[in-house]
Amino acid sequence: MSLEPGQSGSDGAARGTNEMLEPVVPLLLSAVGVVSCATVGAGPLTMLLTLIPAVLGLAGLLGWRGDTALLVRACMLAGTAYTLPLVDHALVPHVLQWWYAIVAVYPLLLVALGTTMAFTLAGAVLSQYLVGTATTGVTLTGWALRCLLLAGIGVLVARAGTEYRSARDDARRRQVAAEAAERELHHATTHDALTGMPNRTSLDLFLDVALHARTDEPDHEVALLLLDMDRFKNVNETLGHLAGDRLLREVGDRLINTLDDDQRAARLGGDEFAVVLTRATPAQAQLAAERLVELFDQPVEVGGAPYRIGVSVGVATTGNGIEERSDLLRCADAAMYAAKRGGRGRAVAFDSAMSEDVAANLAVEQQLREAIALGADLGPSRRADAITAVFQPVVSLATGRAIGAEALARWELGGRFVTPLRFVPLAEELGLGRELAVVIARQSMQALSAWHRDGYTEIGSIAINISAADLLSPGLPDELAGIVSGAGLSPGALTLEITERDVVGDVERTRETMQELRHKGITVAVDDFGTGFSSLAYLARLPLQVLKIDREFVANLHDDDTIARTVVGLAGSFGMECIAEGIETEQQLLALSELGVHAGQGWHLGRPTSAADFVESLRALTRTG
């Protein structure tokens, strides 16, 4: 029986149980009737009347179920129970068993009709007395009491049936809900929420099953293809995260639609996907990877416009020492990064030479972790290969005196400086961005405290750079406020700089975090202002205190000062300070002063130096002023 609209699965299950049990009643009563007829010695007509309900019950067992079948069997049983005494007066004692069984069972199944059915059957039994077919040895009063008892049983059964069904259905609903929750939980742990594709957990299972089923046949190797989208970050930054999510779903759909029966796809997170080939040679795996590169070289529609995204694919195939799941993942990952380094939009198969590159990268990662940990040590024994902060002065354009500084991370490894363009993104990739920011903040507050003790109290704040992901990490405001107070500094001593592109990523969460930071006395500045998209619409919603004009617009002041002038006006409109970056010449300094810029920084005003050398730069600025 199909469910009616609005009927729950538990109701359907309960109804199905009733339908399965109900045909048993006519069979049992017919069996009683046949035995009774055989005992009394009834004729063929009586036997036929008792066999008809048996046939209907058998039909129910064979599949004829539902409300209509139930009513037909109930009416047939009642009709047979009423007719048998008319055919053979001696069957009255046996027929009474039919009446009580009908009233005890069918009001339970037909709850809505239970009370009516009970009184109707009782009236039928009473009519048998009145027409003279059931008067043997029984008075009218006794027969009437018997009818009342029959009706009372029916009413009680109907009422009990309602409560029983309600309790049973409620228990069934809870069971169904628990089973559904368990299925949803299992699906959530094995599938990606955004695309609906299998996730990393499922990928591990795919690989384990494929490796277990692998044979010694030459074309029965297991291959893993790792895909990384080449320009996905540009989509997020220019079109927003919602467009990025739509793109990921489109990529997932396109990927799934290209799979053969012996292939499985999964999303690993971010813009990384994987494909498992359960039966393939290295050549077939490489060909499949190249087809994927061609597939994603075709434009993908984003925001109603075509967008060419491209993928880099790393290929690893079992054999030649690659036997375990971890081997496949490690080698495919190395091949994928080799594809990116080789120019992107390529499919590269793993070879043994890549293992050395993987080992080298792992060594750098470990050294970076150690350097950040060493940078947290503020004592005099801090090692030379620790992450350290250098400071560039922020100068008031009105007075020419330093009023703040920007802290920049530096790393010297083995006597050679590692460019921040390399180790800062690596720290973010490894999930160390927050730790790096905290280390620089701690060193900055220690330096500022020392400068104040030396009498340079005009340096009110030091700014550090932080990514949006780290800015929104739980507990950061409390940790930074603790660093400021621990250095003996007042609120306002620390400024966080976040790029404009990051500001427009998740406006609501960013706003809440900025409000908490501001409440704790930590200033938030927008770095590289003017290079992002759509941020002006959000500017009034965010509790920002500083706008920094990007160095690109400072460099072009002599050609066009429109953007710089606009940023200064916006800052004034919203009650913010305006700081210019990248001041390299006296002409730029004068032009920015005329525009009303509050402060600036750049090599013309001072280069980044250590905390100790920064004092000398302050003295030089004082002499110049």
Side-chain angles (χ1 to χ4, degrees), residues 371-384 386-396 399 401-410 432-466 470-471 473-498 513-525 527 543-546 548 577 579 598-599 601 606 608-622 625:
I372 293 175
L374 291 172
D377 180 12
L378 301 180
S381 61
R382 188 167 56 195
R383 285 168 45 181
I387 293 287
T388 58
V390 295
F391 304 93
Q392 184 176 38
V394 176
V395 178
S396 168
T399 66
R401 298 178 65 89
I403 59 173
E406 179 177 357
L408 304 169
R410 292 294 184 264
L432 301 174
R434 172 170 171 167
E435 294 180 36
L436 177 60
V438 167
V439 164
I440 298 302
R442 198 180 303 277
Q443 293 183 20
S444 298
M445 294 301 97
Q446 183 194 42
L448 183 58
S449 179
W451 299 338
H452 283 186
R453 289 194 301 269
D454 290 339
Y456 294 97
T457 56
E458 292 183 359
I459 308 298
S461 176
I462 297 181
I464 67 170
N465 294 283
I466 191 167
D470 299 324
L471 179 75
S473 60
L476 180 68
D478 290 330
E479 185 173 11
L480 294 179
I483 291 174
V484 174
S485 62
L489 298 169
S490 60
L494 180 64
T495 297
L496 302 182
E497 292 189 359
I498 181 173
T513 302
M514 287 183 178
Q515 288 177 337
E516 185 178 0
L517 288 166
R518 187 168 186 175
H519 178 71
K520 295 182 181 298
I522 297 173
T523 303
V524 179
D527 198 9
L544 300 168
Q545 292 148 284
V546 179
K548 300 189 74 173
E577 294 181 2
I579 299 176
H598 175 256
Q601 63 187 91
T609 62
S610 66
D613 294 338
F614 186 80
V615 174
E616 292 300 323
S617 68
L618 294 181
R619 291 171 181 162
L621 282 170
T622 302

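One distance of note links CD of Gln515 with NZ of Lys520; it measures 13.5 Å at 0.5 Å rounding. To the nearest 0.5 Å, atom OG1 of residue Thr523 and atom CE of residue Met514 are 11.5 Å apart. A distance of 10.0 Å separates CG in Leu448 from OG1 in Thr457, rounded to the nearest 0.5 Å. Remark: Leu374 CG to Ile387 CD1 distance equals 9.5 Å, nearest 0.5 Å. Rounding to the nearest 0.5 Å gives a distance of 10.0 Å between CG of Asn465 and CD1 of Ile440. The CD1 atom of Ile522 sits 11.5 Å away from atom OG1 of Thr513, with the distance rounded to the nearest 0.5 Å.
Here salt bridge (charged side-chain N to carboxylate O under 4.0 Å, His left out) pairs that include residues 484-495, with residues two or more places apart or in two chains, number zero.
Looking only at side-chain heavy atoms (C-beta outward), Glu577 and Ile403 stay at 4.5 Å or farther from each other. Using a 4.5 Å cut-off on side-chain heavy atoms (C-beta onward), Pro608 and Arg410 make contact.
The minimum heavy-atom distance linking Phe614 with Gly404 is given by the pair CZ-O, 4.2 Å. The heavy-atom pair separating Ile466 from Asp470 by the smallest distance is CG1-CB, 3.7 Å. Heavy-atom minimum distance, Arg434 versus Ser473: NH1-OG, 3.0 Å. Residues Ser610 and Val390 come closest through the heavy atom pair N-CG1, 4.3 Å. Considering all non-hydrogen atoms of both residues, Ala407 and Ile464 come closest at CB-CG2, 4.0 Å. Looking at every heavy atom in both residues, Ala409 comes nearest to Leu436 through CB-CD1, 4.4 Å.
A donor-acceptor distance shorter than 3.5 angstrom exists from the side chain of Trp451 to the backbone of Ala611, with no hydrogens or angles considered. In terms of modelled atom types and a separation under 3.5 Å, the side chain of His452 and the main chain of Gly460 share no donor-acceptor contact. For Gln601 (side chain) and Pro393 (main-chain N/O), no donor-acceptor pair under 3.5 Å exists by modelled atom type. The main-chain N or O of Gly606 is found under 3.5 Å from a side-chain atom of Gln392 such that the two form a donor-acceptor pair.
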Just distance, no hydrogens or angles: give the donor-acceptor pairs under 3.5 Å from side chains in residues 488-496, sequence neighbours left out.
from: Thr495; atom 1: OG1; to: Ser461; atom 2: OG; distance (Å): 2.7

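Taking Glu497 as the reference, Lys548 meet the side-chain hydrogen bond (donor to acceptor under 3.5 Å, both in side chains) condition, with sequence neighbours excluded.
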Working for side chain to side chain contact (heavy atoms under 4.5 Å, CB included), residues Met445 and Ile462: CA-CA 8 Å; Met445 294 301 97; Ile462 297 181; 4.1 Å; yes
